Amino acid sequence: MPTTPAPASTTSASSKKSDSTANWWRISAVTGQMRHRLAGRSALRSRLMAKAPVLTPQADDFPRWYQDVVAKAELADNGPVRGTMVIRPYGYALWERMQAEVDQRIKAAGAQNAYFPLFIPESYLTREAEHVEGFSPELAVVTVAGGKELEEPIVVRPTSETVIGEFMAKWTQSYRDLPLLLNQWANVVRWELRPRVFLRTSEFLWQEGHTAHTTQADAAEYARKIAHEVYEDFMVNVLALPVVVGYKTARERFPGAINTITCEAMMGDGKALQNGTSHELGQNFARAFGIEYLDDGGVQQTAWTTSWGVSTRMVGGLIMGHGDDAGLKVPPRLAPIQCVVLAVRDDDAVVDRCRALAAELREADVRVELDVRVEVSMGRRATDWELKGVPLRLELGPRDLADESVMMVRRISGTKSAVPLSGITGTVGDALEQQQSELLQGASERRESRTIDCSSIDEVIEAASTGWARIGWEALGKQEGEARLAESAISVRCLNRPDGSLPVAEDEAELVAICARAY
RNA sequence: CGGGGAGUGGCGCAGCUUGGCAGCGCGCCUGCUUUGGGAGCAGGAGGCCGGGGGUUCAAAUCCCCCCUCCCCGACCA
């Protein structure tokens, strides 16, 4: 049924009445035949023709829905230079929460924060052949500064392996200096041909970890530790996004790495998003930058390095992984605003009680927002918080006040119920945790139901039109099969063991390839 | 770079075929009435119609050149 937004002139006061809570705006779709039948029954008619949807429905046009969410939830704007973005306060609050959670886990994994420069001598990039080849098309290079032509061009960092390698070499003399575990929060620049806010912009924010170890085994173990204990743990337990942790194929891995571990998540349209990566760099960068040390026998050795990162792309993953036609759905553990307290009416007693309620929740460490903008209509405010994906709304009006209760609306499940004001902090805490698990469960179920076991390339292509395909790496035909899938814009997202776990080596027998279209 | 679209108040669009006062919806401002799911009414503010050249009494509209943006591919966190 085509969606026909009704002209505003046909709406009336009664249009705000609705018997459906979560999906009332969908009622705007009315066929010509229905309109004809309804002519004259004005109350019903105006109710059915209520309002145009707030967002383009996902089913109509998913990319458009995504852009609508970014705009209406006030997450970001496009910057003046093509491919750049302005992250607005609410979008940045989401990122800050991601940073806080990831940073805590990085530190628990033993790494320390530091900062390296934005500008990198061009000659550094060229020291590692695969690295420079992989990045040169995306580099922004400064050739003029201070009013004159530079003797050596300066590259705006696309990633910092090279500068950090240079300094790791300087700081590493003895095996006692290793492992060297560093991380930095920074912006990086990779000139993009087809930018999309949060998913692919020419400048983005990220965290890049860089470590050096005495043995290959130590480096490998650390790269896996980061993938599981930092990234997977954060994505599953905070973002509520189930991820498959696997190895990238040679075609998809980081330039200069000997292997890449990826965390792949399924988006609402069945496409895949690489949400974070952890690389073993072997001795490629250590050799290029001279990261060497004397071992306990006094012999000069070359170190083994890793690097790993997650970026503001995860905000895109959050939007597309959980959002629905009403907007964003933010998992409670991540949410910068977990609960909003709304005064339903312009009434001093109501407003005062709302303030007290918000204070009580804040006291109990709930991240709470008070909304007493009584000059703005109730429906409008409800819609706005829904767009922003705030997990819980507590709506308090005179009727609730009278029987010492409050209307609790859950964004994740879409349910609404009156709960007693006494013991509200416990009720809210329970509801938040419950919604956290519901969100993860919903995302997991969607991924399961949209992942299909395949045994031929044709089946993979079919499956990838709606979700993910699983096929034996051998059965796919390894690199040859991968190249054939590429012709249909399908990639091997990662290689896993048949039980879905991360292999120990990339050349294990019986690996399974997860294939999908990707962002 | 190849293929397809579009540039008109902050956002979304109509107007162009057939030249003739620059419009509509949302948003914004003021006032009143409202307030339990995007409020109503009244009154306002806001535009080098992407840029340059041409045709014409007259160009958003017709002609030529240029620029930009969006969508689909190759690259990518």
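All values derive from a computational prediction rather than experimental measurement.
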**Request:** Just call it for A:Thr201: base, sugar-phosphate, or nothing, with non-hydrogen atoms closer than 4.0 Å on any strand.
**Result:** base
**Item:** P gap between B:rC32 and B:rG37, integer Å
**Value:** 25 Å
**Message:** Looking only at the side chain of A:Met378 (C-beta and beyond, no hydrogens), which of the listed nucleotides B:rU35, B:rA74, B:rG38 gets closest?
**Reply:** B:rU35
**Request:** Between B:rG36, B:rC76, B:rG38, spot the one nearest the side chain of A:Lys72, thanks.
**Result:** B:rG38
**Prompt:** How are the rings of A:Trp206 and A:Phe204 set to each other: parallel, tilted or perpendicular (split at 30° and 60°)?
**Reply:** perpendicular
**Message:** Both A:Leu401 and A:Ala489 contact RNA chain B. Taking the nearest nucleotide for each, which residue is further toward the 5' end?
**Reply:** A:Leu401
**Prompt:** Given B:rG38, B:rG36, B:rA77, which nucleotide is nearest the side-chain atoms of A:Glu192?
**Reply:** B:rA77
**Request:** Answer with base, sugar-phosphate or nothing: what part of the nucleic acid does A:Val189 contact at a heavy-atom distance below 4.0 Å?
**Result:** nothing
**Request:** Pick the C1' atom in B:rU30 and in B:rA14, then give their distance to the nearest Å.
**Result:** 29 Å
**Prompt:** Looking only at N and O atoms, is any donor in the side chain of A:Lys416 or the base of B:rG37 less than 3.5 Å from an acceptor on the other one?
**Reply:** yes
**Message:** Can you tell whether the side chains of A:Asp384 and A:Lys388 come within less than 4.0 Å, N to carboxylate O?
**Reply:** no
**Request:** Could you tell me whether A:Val188 contacts a base, only the sugar-phosphate backbone, or nothing, with contacts defined as non-hydrogen atoms closer than 4.0 Å?
**Result:** nothing
**Message:** Both A:Leu55 and A:Gly276 contact RNA chain B. Taking the nearest nucleotide for each, which residue is further toward the 5' end?
**Reply:** A:Leu55
**Asked** Quantified in whole Å, what is the P atom distance between nucleotide B:rA22 and nucleotide B:rC16?
**Response** 16 Å
**Asked** What parts of residues 393-400 of chain A reach RNA chain B, counting only heavy atoms under 4.0 Å away?
**Response** A:Arg393, A:Glu395, A:Gly397, A:Pro398, A:Arg399, A:Asp400
**Asked** Mind checking the C1' distance from B:rA60 to B:rC71? Whole angstroms is fine.
**Response** 25 Å
**Asked** Taking 4.0 angstrom as the limit, do A:Lys248 and A:Glu264 come out as a salt bridge?
**Response** yes
**Item:** Check ion pair A:Arg484-A:Glu480 (N to O, under 4.0 angstrom)
**Value:** no
**Item:** Distance in angstrom units between A:Met408 CE and B:rG36 P, rounded
**Value:** 22 Å
**Message:** Distance check needed: B:rC76 C1' versus A:Asn275 CG, whole Å only.
**Reply:** 15 Å
**Prompt:** Do A:Arg64's NZ or CZ and the ring of A:Phe62 fall within the cation-pi criteria of under 6.0 Å and 45°?
**Reply:** no
**Request:** Could you tell me the separation between the CG atom of A:Leu199 and the P atom of B:rC75, rounded to a whole number of Å?
**Result:** 18 Å
**Request:** Could you tell me the separation between the CE atom of A:Met235 and the P atom of B:rA77, rounded to a whole number of Å?
**Result:** 14 Å
**Message:** Can you check the distance between B:rC21 and B:rC49, where both ends of the measurement are the C1' atom (answer in whole Å)?
**Reply:** 15 Å
**Prompt:** Could you state the CD-C1' distance from A:Glu138 to B:rA74, rounded to the nearest angstrom?
**Reply:** 13 Å
**Message:** For the residue pair A:Trp65 / A:Asp60, report whether a side-chain donor-acceptor contact shorter than 3.5 Å exists.
**Reply:** no
**Distance-only polar pair, side chains of A:Ser160 and A:Gln184, donor-acceptor under 3.5 Å** = yes
**Asked** Among B:rA77, B:rA74, B:rG38, which is the nearest nucleotide to the side chain of A:Val54?
**Response** B:rG38
**Item:** Gap between atoms CE and P, on A:Met407 and B:rU35 respectively (whole Å)
**Value:** 18 Å
**Item:** No-hydrogen, no-angle side-chain donor-acceptor test under 3.5 Å, A:Tyr66 and A:Asp61
**Value:** no
Could you write out each protein N or O paired with an N or O of nucleotides 6-13 of chain B at a distance under 3.5 Å?
none

**Asked** When the C1' atoms of B:rU34 and B:rG19 are considered, how many whole Å apart are they?
**Response** 48 Å
**Request:** Could you please name the option among B:rG36, B:rG38, B:rC75 that lies closest to any side-chain atom of A:Thr383?
**Result:** B:rG38
**Request:** Output yes when A:Glu386 and A:Lys72 qualify as a salt bridge under the 4.0 Å nitrogen-oxygen rule, no when they do not.
**Result:** no
**Request:** Taking Watson-Crick and G-U wobble pairs with both distances under 3.5 Å, convert RNA chain B into its dot-bracket string, 5' to 3', dots for unpaired and | for cross-strand pairs.
**Result:** (((((((..((((......[..)))).((((((.....)))))).....(((((..]....))))))))))))....
**Prompt:** In whole angstroms, how far is the P atom of B:rC72 from the OH atom of A:Tyr519?
**Reply:** 9 Å
**Fill in**
Among the nucleotides B:rG38, B:rC76, B:rG37, whichever has the atom closest to the side chain of A:Val409 is B:rG37
**Message:** When you compare the side chains of A:His131 and A:Glu133, does any donor N or O come within less than 3.5 Å of an acceptor on the partner?
**Reply:** no
**Request:** Output the single nucleotide from B:rG27, B:rA77, B:rC71 whose closest atom is nearest the side chain of A:Arg380.
**Result:** B:rG27
**Request:** Could you work out the separation of B:rC24 and B:rG43 based on their P atoms and round it to a whole Å?
**Result:** 13 Å
**Prompt:** Is the closest side-chain donor-acceptor distance between A:Gln58 and A:Asp324 under 3.5 Å?
**Reply:** no
**Request:** Determine, for A:Asp371 against A:Arg373, whether the closest basic-nitrogen to carboxylate-oxygen distance falls under 4.0 angstrom.
**Result:** yes
**Request:** Grab the CG-P distance between A:Leu342 and B:rG36 for me, whole Å please.
**Result:** 12 Å
**Item:** Pairing of A:Glu482 and A:Lys478 as salt bridge, 4.0 angstrom limit
**Value:** no
**Message:** Within the 4.0 Å heavy-atom criterion, would you say A:Ala71 contacts the bases, only the backbone, or no part of the nucleic acid?
**Reply:** nothing
**Item:** Centroid under 5.5 Å and tilt under 30°, A:Trp206 to B:rA77
**Value:** no
**Message:** Please give the distance between the P atoms of B:rG10 and B:rG53 as a whole number of Å.
**Reply:** 24 Å
**Prompt:** Is a side-chain donor or acceptor of A:Lys329 paired with a backbone partner of A:Ile412 at a separation under 3.5 angstrom?
**Reply:** yes
